[in-house]
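Notes to accompany the following structure.
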Amino acid sequence: AEQYARYKNSQKSPQKIVNSYKKKAQQTGYTIKNSGGSGGGWGGYGGSNYGLTAEKSGSYLDVQAGGENSDLLRSVCRA
């Protein structure tokens with residue numbers, strides 16, 4: 001089953017938000033597959049400033065932050 005969550009955060013930059021997820025993912029045994037960002041969008045669908053993908057035993061984590069509304073964070077988890 002897929003789980004989606006959206007959050008708004010105007011207190012931290014997209015990079016800081018993603019780095020927080022990255023640290024927690026690594027602490028809980030996820031392998032980071034891709035992480036980074038640029039002003040032109042990140043990931044297969046673009047539209048965010050910074051993101052990461054991670055995997056753990058068939059579970060996937062995708063986090064994207066920023067975009068047109070720089071305080072928008074989209075986190076997509078798939079178990």
Side-chain angles (χ1 to χ4, degrees):
E2 293 181 1
Q3 298 175 337
Y4 300 91
R6 290 184 102 150
Y7 305 94
K8 278 195 155 197
N9 184 328
S10 58
Q11 303 300 313
K12 294 183 179 181
S13 70
Q15 182 177 1
K16 285 185 179 184
I17 291 169
V18 171
N19 284 343
S20 294
Y21 273 85
K22 182 177 181 180
K23 182 178 178 182
K24 189 64 172 177
Q26 289 172 322
Q27 290 173 344
T28 57
Y30 278 86
T31 300
I32 305 301
K33 297 294 186 178
N34 199 351
S35 177
S38 69
W42 186 92
Y45 299 101
S48 67
N49 296 104
Y50 217 83
L52 76 84
T53 55
E55 181 180 9
K56 174 183 164 182
S57 302
S59 293
Y60 300 90
L61 172 68
D62 177 77
V63 177
Q64 295 187 23
E68 289 183 29
N69 297 325
S70 61
D71 63 348
L72 177 66
L73 164 68
R74 181 180 64 212
S75 172
V76 181
C77 302
R78 182 176 184 186

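Heads up: numbering here begins at 1 and tracks the sequence.
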- Message: Can you give me the closest heavy-atom contact between Ser20 and Lys12, atom names plus distance?
- Response: OG-NZ, 4.1 Å
- Task: Would you please name every residue forming a side chain to side chain contact (heavy atoms under 4.5 Å, CB included) with Gln11, sequence neighbours left out?
- Result: Asn9
- Message: Measuring from atom CG of Leu52 to atom CD1 of Ile17, what distance do you get when rounded to the nearest 0.5 angstrom?
- Response: 12.0 Å
- Query: What distance separates Leu61 CG from Thr31 OG1, expressed to the nearest 0.5 Å?
  - Reply: 11.5 Å
- Query: Would you find more than 12 non-hydrogen atoms of other residues, nucleotides or ligands less than 6.0 Å from Lys16 atom NZ?
  - Reply: no
- Report the distance from atom CD1 of Ile32 to atom NZ of Lys22, rounding to the nearest 0.5 Å. 6.0 Å
- One should read off an interatomic distance between Glu55 CD and Tyr30 OH, to the nearest 0.5 angstrom, of 9.5 Å
